[in-house]
Asks: 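One structure is given below, represented as structure tokens, and several questions about it will come after.
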Amino acid sequence: MSKEQVIESILRDGVRKIILSRPKKKNAFNKHMYQKLTQILKEDSQNDNVVLTIITGADDVQKLIEALIEYPKVIIAVLNGPAIGIAATTTALCDIVYASDRAYLDTPFVHLCLCAEGTSSYMFPRILGRSKASEAIFLGKKITSQDAYRLGFISEVIPHEQLPAFIESLYQYGSLSTNSIKISKRLVMEHLKKQLFRASELEIEGLNECMNSEKFTSALMKFMEKKSKL
């Protein structure tokens, strides 16, 4: 993988594996990653040779969120380290989530004078319960993989060194019936989609309001200064 190639996509035995590779940025999304991931999801949604998709790490946002909500087959997230900001919030849009015992979710909105995004204003309370979700969204408190598992956000916590073998085991599901999965996914998402699109719409409005404030500009400058010293 070249330095510029921050997303690697591999299709094998009915399973698409998407590898996010910006280790120095803790796999934080950049513009290219948003566009590439959105493109893959849209193309695969029409390709019945793809049964399920795994998104994991290697050591335009609205369009990506829409692609995740509309994706008609199974999306499995495998967190192998910190999931920060949009990487954390969009994890909640995946059908199944697994995580390394070293992983955690971090939504530092408040520290940047921003608000919830990635449909987290709806999905986090729905999955985690209002109190734990409020800690993450309002206070910027990190959620460990163990806590996320206990609260039902994550299906299983895997010892970090066993992750490659665990991901390999997921390929067994590539032979499942695409039609059956698409029907079941449609049933699961039938009523949820409307709520998610509405949540995303309201969050965009809130983010625009936040970004027009003087406090956001000041917080962003402080954040950039801190990053430049790392």
Side-chain angles (χ1 to χ4, degrees), residues 1-38 40-41 44 50-59 61 64-65 67-68 71 73-108 117-120 123-124 127-128 132 136 140-174 227 230:
M1 189 184 300
S2 68
K3 291 182 179 179
E4 293 77 20
Q5 188 179 356
V6 292
I7 286 188
E8 182 181 6
S9 173
I10 303 167
L11 177 60
R12 193 188 92 205
D13 299 332
V15 177
R16 171 79 68 191
K17 183 165 73 171
I18 300 171
I19 305 169
L20 312 178
S21 183
R22 289 188 82 206
K24 292 182 179 179
K25 300 295 184 181
K26 297 184 177 178
N27 287 329
F29 278 75
N30 61 18
K31 183 178 181 180
H32 169 72
M33 293 170 77
Y34 287 127
Q35 293 173 339
K36 183 65 175 177
L37 185 52
T38 301
I40 293 170
L41 291 173
D44 283 357
V50 181
V51 178
L52 64 87
T53 297
I54 303 168
I55 301 177
T56 188
D59 285 332
V61 184
L64 171 60
I65 292 168
L68 287 167
Y71 193 66
K73 289 167 276 189
V74 180
I75 298 181
I76 298 177
V78 182
L79 306 181
N80 67 345
I84 301 172
I86 192 72
T89 56
T90 53
T91 295
L93 290 173
C94 296
D95 300 298
I96 304 168
V97 184
Y98 300 108
S100 157
D101 53 8
R102 300 181 190 175
Y104 62 81
L105 301 164
D106 188 5
T107 51
E117 44 78 66
T119 73
S120 60
M123 289 301 288
F124 272 36
I127 299 172
L128 298 169
K132 196 66 177 179
K141 188 171 181 179
K142 296 176 183 178
I143 304 172
T144 66
S145 55
Q146 289 78 11
D147 276 349
Y149 169 73
R150 181 175 56 82
L151 294 166
F153 194 110
I154 288 172
S155 293
E156 187 176 348
V157 179
I158 299 98
H160 190 76
E161 61 277 5
Q162 295 178 20
L163 269 187
F166 178 80
I167 291 174
E168 189 67 21
S169 74
L170 296 176
Y171 280 87
Q172 66 182 296
Y173 302 114
K227 296 291 285 185
L230 294 178

Asks: A side-chain contact here means heavy atoms from C-beta on lying under 4.5 Å apart; do I18 and I7 qualify?
Replies: yes

Asks: With sequence neighbours left out, write down each residue that passes side-chain contact (heavy atoms from CB on, under 4.5 Å) with V15, or none if nothing qualifies.
Replies: L52, I54, Y171

Asks: Name all residues meeting the side-chain hydrogen bond (donor to acceptor under 3.5 Å, both in side chains) criterion together with Y173; count only those two or more places apart in sequence or in a different chain, and write none if there are none.
Replies: none

Asks: Would you indicate whether the side-chain heavy atoms of I158 and V78 approach each other to under 4.5 Å?
Replies: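 No, too far: nothing below the 4.5 Å cut-off.
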
Asks: Looking at T107 and A136, what are the two nearest heavy atoms and their distance?
Replies: OG1-O, 2.9 Å

Asks: Which residues pass the side-chain contact (heavy atoms from CB on, under 4.5 Å) test with V50, not counting sequence neighbours?
Replies: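 With neighbours one apart ignored, the set is L11, R16, D44, N47, T53, Y71, K73.
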
Asks: Checking Q172 now: which residues fulfil side-chain contact (heavy atoms from CB on, under 4.5 Å) with it, not counting sequence neighbours?
Replies: S169

Asks: Give every residue pair that meets the salt bridge (charged side-chain N to carboxylate O under 4.0 Å, His left out) criterion with at least one member in residues 157-174, sequence neighbours excluded.
Replies: R12-E168

Asks: State, to 0.1 Å, how close C94 and I75 come at their nearest heavy-atom pair, and which atoms those are.
Replies: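 Result for this residue pair: SG-CG2, 3.6 Å.
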
Asks: Considering non-hydrogen atoms only, spot the tightest contact between G85 and P108 and give its length.
Replies: N-CD, 4.1 Å

Asks: Return each pair, listed once, that meets salt bridge (charged side-chain N to carboxylate O under 4.0 Å, His left out) where at least one residue sits in residues 83-94; pairs must be two or more places apart or across chains.
Replies: none

Asks: Residues two or more places apart in sequence or in another chain: which of them pass salt bridge (charged side-chain N to carboxylate O under 4.0 Å, His left out) with K132?
Replies: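 Partners of K132 under the salt bridge (charged side-chain N to carboxylate O under 4.0 Å, His left out) test: E135, D147.
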
Asks: Measure the CD1-OG distance between I154 and S100 for me, rounded to the nearest 0.5 Å.
Replies: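 Between I154 CD1 and S100 OG, I get 9.5 Å after rounding to 0.5 Å.
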
Asks: Test of understanding: with side-chain hydrogen bond (donor to acceptor under 3.5 Å, both in side chains), list the residues that count as partners of T91, not counting sequence neighbours.
Replies: none

Asks: In chain order, what residues pass the side-chain hydrogen bond (donor to acceptor under 3.5 Å, both in side chains) check against D106, with sequence neighbours excluded?
Replies: none

Asks: Of all heavy-atom pairs between G118 and I86, which one has the smallest distance, and what is that distance?
Replies: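 Nearest heavy atoms, G118 then I86: CA-CD1, 4.2 Å.
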
Asks: Under the side-chain hydrogen bond (donor to acceptor under 3.5 Å, both in side chains) rule, collect the residues that match up with S145, sequence neighbours excluded.
Replies: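 For S145 there are no side-chain hydrogen bond (donor to acceptor under 3.5 Å, both in side chains) partners, ignoring immediate neighbours.
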
Asks: For S155 and I96, which heavy atoms make the closest approach, and how far apart are they?
Replies: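 Closest heavy-atom pair between S155 and I96: OG-CG2, 3.7 Å.
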
Asks: Rounded to the nearest 0.5 Å, what separation is found between the CZ atom of F153 and the CD1 atom of I127?
Replies: 5.0 Å

Asks: Using the ring pair (Phe, Tyr, Trp, His ring centres under 6.0 Å) criterion, which residues pair with Y149? Sequence neighbours excluded.
Replies: none

Asks: Which residues pass the side-chain contact (heavy atoms from CB on, under 4.5 Å) test with D101, not counting sequence neighbours?
Replies: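 If we apply the side-chain contact (heavy atoms from CB on, under 4.5 Å) test to D101, skipping adjacent residues, the hits are Q146, V157, P159, H160.
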
Asks: Please give me the minimum heavy-atom distance between L170 and I76, naming the atom from each residue.
Replies: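 Nearest heavy atoms, L170 then I76: CD1-CG2, 4.2 Å.
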
Asks: Between L64 and L41, is there a side-chain heavy-atom distance shorter than 4.5 Å?
Replies: yes

Asks: Can you measure from CZ (R150) to CG (L128) and round to the nearest 0.5 angstrom?
Replies: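 CG of L128 is found 10.0 Å from CZ of R150.
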
Asks: Enter the distance from L68:CG to I55:CD1 here, rounded to the nearest 0.5 Å.
Replies: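 It comes to 6.0 Å.
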
Asks: Measuring from atom OH of Y104 to atom CD1 of I84, what distance do you get when rounded to the nearest 0.5 angstrom?
Replies: 4.5 Å

